[in-house]
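Written out below as structure tokens is the structure these notes cover.
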Amino acid sequence: MIAFIIQRVFQGAAVVLAMSLIVFVGVYAIGDPVEILINPDADQQTREAVRQSLGLDKPLWMQYLYFVKSALHGDLGTSFVFNIPAIQLILQRLPATLELALTATVLAILLGIPLGLVSGLNDKRWYSRMIMAGSILGFSLPTFWVGLILILVFGVWLGWLPVYGRGDTVRFLGVEWSIFTLDGLRHIILPAFNLALFKIALFIRLTRAGVMEVVNQDYIRFANAMGIKKARLLWRHILKNIMIPIVTVIGIEFGSVVAFAVVTESIFNWPGMGKLIIESINHLDRPVIVAYLMVIVVMFVIINLLVDLLYAGLDPRVRLGSSNR
Amino acid sequence: MKMKSIVAAAGLAVMTASLSPAVSAAEDVVIGVRTEAASVDPHFSYVATSKAAVTNIFDTLIMRDKDLQLAPALATSWEHIGDGVWELKLREGVTWHDGEPFTAEDVLFTFERAPNVPNSPAPFGQFLSQISDAKAVDDHTIHITTRNPSPQVLFDLAEVPIISKHAGEGAATADYNDGKATIGTGPFKFVSWQPGGALKLARNDDYWAGPSEFENIEIVAMPNDASRVAALLSGDVDLIDAVPPESYETLENNDGVEIWKTPDVYTAYLHMDTDREVSPFITAKDGSEIKNPLLDPKVREALSLAINRQAIIDRLMNGLAQPAGQLAGPTMTGFNPDIEPGAYDPEKAKALLAEAGYEDGFKITLHGPNNRYVADAQIVQALAQMFERIGVATEVETMPANIFFPRGSNREFSIFFLAWGSAQGTAWHGLRGVLMTYDKEKGYGPSNRGRYSNPEVDRLTIESMSTFDVDEAARLSAEAAGVAFRDFAIIPMHYQMNVWASKDGFEYEPRQDQMTLAYGLSSQQ
């Protein structure tokens, strides 16, 4: 178990290193951030001075080595645009993105799995067809369009819900959270639903497919014949058996929800990491771009680790360790 | 492209909704702005958006009013007393937000700090480069000695927010961002700021020009056009800036919304490679290498004549622009009224091409940004069609601004669409930046990406910049512009417009310099 975790940590570190190199070279190739940041009437010498003060006059390899050296000391660089340590900028916004992603994932689980169960168990009924048709919409409508329509209907026409920002926040564990205030909850409903829509559709389909596969198996029919109660049949025999793929997907999807909340965040002006990364790319703010991707990589590594540990809990046949992988 | 049009469509759908009727004049106001501030440190980075945020809190000695004219702010008067020395009288009885009196010491402290902020990506040094010495005569009088006999220092002073010495001594950018040092004299006091989040302000009841009507202000960055408009329509915000042209008509027809607009300092133009014998994106129609035709002013004039500016403005920008014939706008110092906006005459264009020896035309690629200026990508496409009509085969390539500008400065294009903002409201600003010969040592032509070079333009512009009398400086600039634009050094296209939209019941004073200032907002009587 411990060996497994250590192995994962080393794998993660290798991925992070490779990622930093790719991003560094990639952003470097786009061009000179000073051209974006400086006011156009600044003279050539000022531009040169800025390049020097930001370290952009050095060759790429030297910039990269310097970056790695600082990173090992816990310094991922300072934002060109804000002059604030990149990691601080990102961590400031992490709670906003996390609570949005968590809420969206919980919504997706609470709606997706039951609906999938219902439509899997009674797949010929009209409501099952409705659910399936709905899930196709969830898959195929682009997030930003759905977001705008949600804003139009609930914000502009009905005026029920606010359409931008997080609303009131409270401090908890040293971080500002909006899901613990009523106003904050009102603000999170639309963006979380917007972000969850695709996942709901995904979970419906996964659950339904799993259920339809399991229901016809002999042990279910047998259990049914034995007169086991419906509820017990559902929870112990069906749900538990289909959970492994669903947990995997929830794990991976949580990572992608965090990483790709970009669209929802910019439409709803949610002050999270996604909005930050878009702005940083627009300004070629390399330290923030690199730091952001590092944070995302680390997060994916951790999520995968947690998913693996969860497997062991759900399926006793899964043993963690180097022997079976 | 596809994604963009769907967003626009959804945005339009949003717009057709009507707004709940008039609001009562609220004490608290929320403003949605397109671009976020990088810092509330007044001297960290000279970018327009940070400047707007900071101007809510800090004052300058001399300010520019909504039409770019210099006006007294913390300095009540300025006078040249000889030998390049300016005497500025400071406003008396002004206090900082913490109650301390404002004095000449604060001004001198500002001059020392502004050019020396560490890590600044757009330093303020250039605005103080004219000043060789500044000293306090008494608490409310300062003498500023300038390097050149020119009024430029007055325009530059309008760029430099004055900070307090007692709060700012030893303060770093971080101390301004968290409010410790953010003590200004402006109409609003700093409450809090989150990078990329909201800037919260509270009214300064003792503001020297009279307090604002509103007690609390929240300025939120809303980069997405459609959601900024939706936030106004849903009543969540009271004022938005940078109204996208596709929303303009529907917003104007909405009873719950008021539109506020004014010409912009930005002038859109086409820049051309005018000095290389062979240019990277120009070939003969069969793809073979040819001598760069843009070296010939006749060809450049032909391209200008091919452009139907009014059609572009009407169809692509909802009429929100005016045709231009030079970089400086009509209200700017040094505008040349004799230069007509570019005419449209495709027949003459063809004749000129033939005269220059290109009756068969040639082939170019036109480059442009797709997320920087109003309707930029569409304009570039329309331009390509207009060039095709006079026989110039034109391909189009648009890209995000973060790729476009570095490539443009790297001289990777042959002809490209962009805009210049004469933020100081003077014609020599654009002449020096875009049209003077690129000279690294002297700092001329830093944005002259086409490398146009004309000694006459250089001479007149330099003279204009070192002339003491503003009217004479303006005349020289106008003359320089006359020379450059007769030469079609660049092809001016149009002056953009700045458009704000507020809820009904509010009044906003639109500014040419694009700044969105909370102090400009009031309730309609």
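Throughout, protein chains are lettered first and strands after them, A, B, ... in sequence-line order, and every chain is numbered starting at 1.
- A:Ile281 touches chain B through backbone and side chain together, each having a heavy atom under 4.5 Å away.
- Interface remark: B:Ala37 contributes backbone atoms only to the contact with chain A (heavy atom separation under 4.5 Å).
- Contact of B:Val40 with chain A is not made at all, since no heavy-atom distance falls under 4.5 Å.
- Side chain to side chain, A:Ser20 and A:Tyr64 meet the donor-acceptor criterion of an N or O pair below 3.5 Å.
- Separation of the B:Tyr176 and B:Phe44 ring centroids does not fall under the 6.0 Å cut-off.
- Contacts between A:Asp41 and chain B at a heavy-atom distance below 4.5 Å involve backbone atoms as well as side-chain atoms.
- Proximity to chain A is absent for every atom of B:Pro400, based on heavy atoms less than 4.5 angstrom apart.
- Seen from the ring of A:Phe80, A:Arg286 does not count as a face-on cation partner, given the 6.0 Å and 45° thresholds.
- In this structure, no portion of B:Phe124 lies under 4.5 Å from any heavy atom of chain A.
- By the 30° and 60° cut-offs, the orientation of the rings of A:His187 relative to A:Tyr164 is perpendicular.
- There is no contact between B:Gln424 and chain A, counting heavy-atom distances below 4.5 Å.
- Neither the backbone nor the side chain of B:Arg228 comes within less than 4.5 Å of any heavy atom in chain A.
- For A:Arg47, the part sitting under 4.5 Å from any heavy atom of chain B is the side chain, from C-beta outward, and nothing else.
- The aromatic rings of A:Phe198 and A:Phe139 lie perpendicular to each other, with more than 60° between the two planes, well past the 30° mark.
- Paired with B:His271 under the rule ring pair (Phe, Tyr, Trp, His ring centres under 6.0 Å), one option of B:Phe416, B:Trp420, B:Phe405 passes, and it is B:Phe416.
- Only the backbone of B:Tyr444 comes within less than 4.5 Å of a heavy atom in chain A; its side chain stays farther off.
- Contact of B:Ala231 with chain A is made through backbone and side chain together, with heavy-atom distances under 4.5 Å.
- Looking only at distances, no side-chain donor or acceptor of B:Ser120 sits under 3.5 Å from a matching main-chain atom of B:Val117.
- Residue B:Thr35: no heavy atom, backbone or side chain, is found under 4.5 Å from chain A.
- Only the side chain of A:Arg93 comes within contact range of chain B, judged by heavy atoms closer than 4.5 Å.
- For the 3.5 Å distance criterion, the side chains of B:Asn410 and B:Glu412 qualify, holding a donor opposite an acceptor.
- For A:Leu276, no part sits under 4.5 Å from any heavy atom of chain B, backbone or side chain.
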